[in-house]
Number of protein chains: 2
Amino acid sequence: MLIGEFSKRTGVSIRTLHYYDEKGLLKPEKNPISGHRIYSDRDVMNLHKIMTLKALGYTLEQISEMIRESSFDMSLVDSLRMQQKKLEQDKEDIETTLVTIRRTILLIEGEKEVNSNILMSLISSMQTEKAQREWAEQFMEKDVVESLYEVSEEEKMKWEKATLQFYKEIKRLVGKPANDEEVMHVLKEYFTLILTFLDVASFDDITNIFTGIESIEDFSDEELSKLEAEVEKFVPSPLTKEEQEWLDEVMAYYIENQAFGFQTDENE
Amino acid sequence: MLIGEFSKRTGVSIRTLHYYDEKGLLKPEKNPISGHRIYSDRDVMNLHKIMTLKALGYTLEQISEMIRESSFDMSLVDSLRMQQKKLEQDKEDIETTLVTIRRTILLIEGEKEVNSNILMSLISSMQTEKAQREWAEQFMEKDVVESLYEVSEEEKMKWEKATLQFYKEIKRLVGKPANDEEVMHVLKEYFTLILTFLDVASFDDITNIFTGIESIEDFSDEELSKLEAEVEKFVPSPLTKEEQEWLDEVMAYYIENQAFGFQTDENE
DNA sequence: ATACAACCTAACGTTACTGTAGGTGCAAGA
DNA sequence: TCTTGCACCTACAGTAACGTTAGGTTGTAT
């Protein structure tokens, strides 16, 4: 059987067969005069072995070691279990990304255009959700973390949509004075939402969800900036430096003037 | 920010940053004298965008097109849906392979050593199960195919274990005369098993599961060898030519002498 | 004799990097 | 001032598993 027929019979391209020959994986006889490769029925079987192991995810190098022997012993089971682990990890990664994609599609379906920085922030926030959770367990009780993350898809969606809108507003309002009515309104809405999601009544209560911390002031400045850097690694802020500085300013103003009063302010 | 600090802050290796610069994905400022790269805060954001899109499965080339614009429109949704499809396919492939691996481990757990040809045959049979099913629908009614493949894991396992044992026996018995008692015994057991799985009472009834076929003789020789070749593409026989020829022979002998009688032969 | 298919080797292209060699810029210590 | 050492630079090579192309040879039909 010449290479063309063999290729058709097995469905493996001629170039791949050349390559396997070159790599010593499948070395057929050769016509010593013409140099043409001559494949036998045994080669069909050997190629099939190669393809099967490839389907299980082994590299050609691993395969060439494996096919030297004509039978497998129990060490194959160990090797299979390793493959299994690898594939399960791959699958989980894909699963995470699929969820992210689904949520992203839902998120932007209502919009006609989305600022790419904001969107990327949100996407990577979804993508790294699991890592964020594990990281958060350093500071909070496990069940607190759980209650924060184990919310329905709709809740998450609501949060993401609100965040998207909030950042959009920030980019629109940047530069306005801290006591601007619209600015105050946007901040109020967002803070209210945060408190709703955290399920606390006021900012003071937020400290309750951290372990071993009496108040926000327990964090030193160094600690805070270290924390910020770590958070940035997960999800960098989609705001420019100016936007961020402006936001810090108006937020400080807002908290000083309204934070502990807005609960009662219900008829606006 | 020089490249070292930037690399630490973002977790991306220096070499990769060089690469992104080279490819035009992330081109920081350069000190015109020393040639050192100078990264800004905006670059942090841009790199983050790149990493996010990479996590969604886009290639660097696609990414470099995508990051030219500062906002996304609805075409992103189409693109995300395409990614989604691709990832779903990948996931399914992995899933299939995982099932195959699990079954393979179970299959060989009882054995101390397995002939690699036989094992490869069985593995690829599991791996291509779906394709086999679709192929089989050319010849059988959909519900017949379904009833053949929609059996419990244990049933499948039983079949595979039996097949493994059968091939092992063949390789042990090859060369013995067709009327050898042991040979007859092995064939009988295997045929009985086949009929059990096909849920038919005799070989004549097998034709009932094919559509538009009155008897096996309806197939011409060409058709049969074409069929065989197609089956070989899924799962080549783990037998050598001699073993296969010997098996054909003893099977022919067995069918002629016993096939239609063994149903009654219950006290052996 | 010639056309043509089928084969050959050899070398480059692909993707997303990593590794290495050899050289420059800049600060601190001997 | 010289040297050491670190951070940085460019440029070239290598990885997996092939695909593609070029240029040349073999075998067969006309």
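Letters A, B, ... mirror the listed sequences (proteins, then strands); counts begin at 1. All heavy atoms count here, side chains included; hydrogens, waters and symmetry mates do not.
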Send over the distance from B/Y58 OH to C/dA16 C1', rounded to a whole Å.
18 Å

Would you say A/K54 reaches D/dC18's phosphate, i.e. side-chain N/O to OP1/OP2 under 4.0 Å?
yes

Members of residues 21-50 of chain A that approach DNA chain C, where some heavy atom sits under 4.0 Å away:
A/K30, A/G35, A/H36, A/R37

Cationic N near anionic O, under 4.0 Å, B/D21 to B/R37:
yes

Of the residues in residues 78-95 of chain A, which ones touch DNA chain D at a heavy-atom distance under 4.0 Å?
none

Will you find, in the side chains of A/S237 and A/Q244, an N or O donor that is under 3.5 Å from an N or O acceptor?
yes

Give a yes/no on whether any side-chain N or O of B/Y20 is located under 4.0 angstrom from OP1 or OP2 of C/dC17.
yes

Taking only heavy atoms on the protein side, list every residue of residues 8-18 of chain B lying under 4.0 Å from any atom of DNA chain C, sorted numerically.
B/S13, B/R15, B/T16

Give me the atom names and distance for the closest heavy-atom approach of A/M66 to A/L53.
CE-CD2, 3.9 Å

Pair B/N115-B/K168, side-chain donor/acceptor within less than 3.5 Å:
no

Keeping A/S124 on the side-chain end and A/Q127 on the backbone end, is there a donor-acceptor pair under 3.5 Å?
no

Donor-acceptor pair, A/S116 side chain versus B/S70 backbone, under 3.5 Å?
yes

I need the OH-P distance between A/Y19 and C/dA11, as an integer number of Å.
16 Å

Of the candidates D/dC18, C/dC8, D/dA16, the side chain of A/L60 sits closest to D/dC18

Tell me, do A/H36 and A/I3 make a side-chain contact under 4.5 Å, heavy atoms counted?
no

Could you please name the option among D/dC8, D/dC18, C/dC7 that lies closest to any side-chain atom of B/L2?
D/dC8

With a 3.5 Å distance limit and no angle check, can you tell me whether A/T104 reaches the backbone of A/T100 through a side-chain donor-acceptor pair?
yes

Under 4.0 Å between a Lys/Arg side-chain N and an Asp/Glu carboxylate O for B/K91 and A/D93?
no

Would you check if there is a donor-acceptor pair between the side chains of B/Y58 and B/S79 at a distance under 3.5 Å?
yes

Does a donor on one side chain and an acceptor on the other come within less than 3.5 Å for A/Q165 and A/E111?
yes

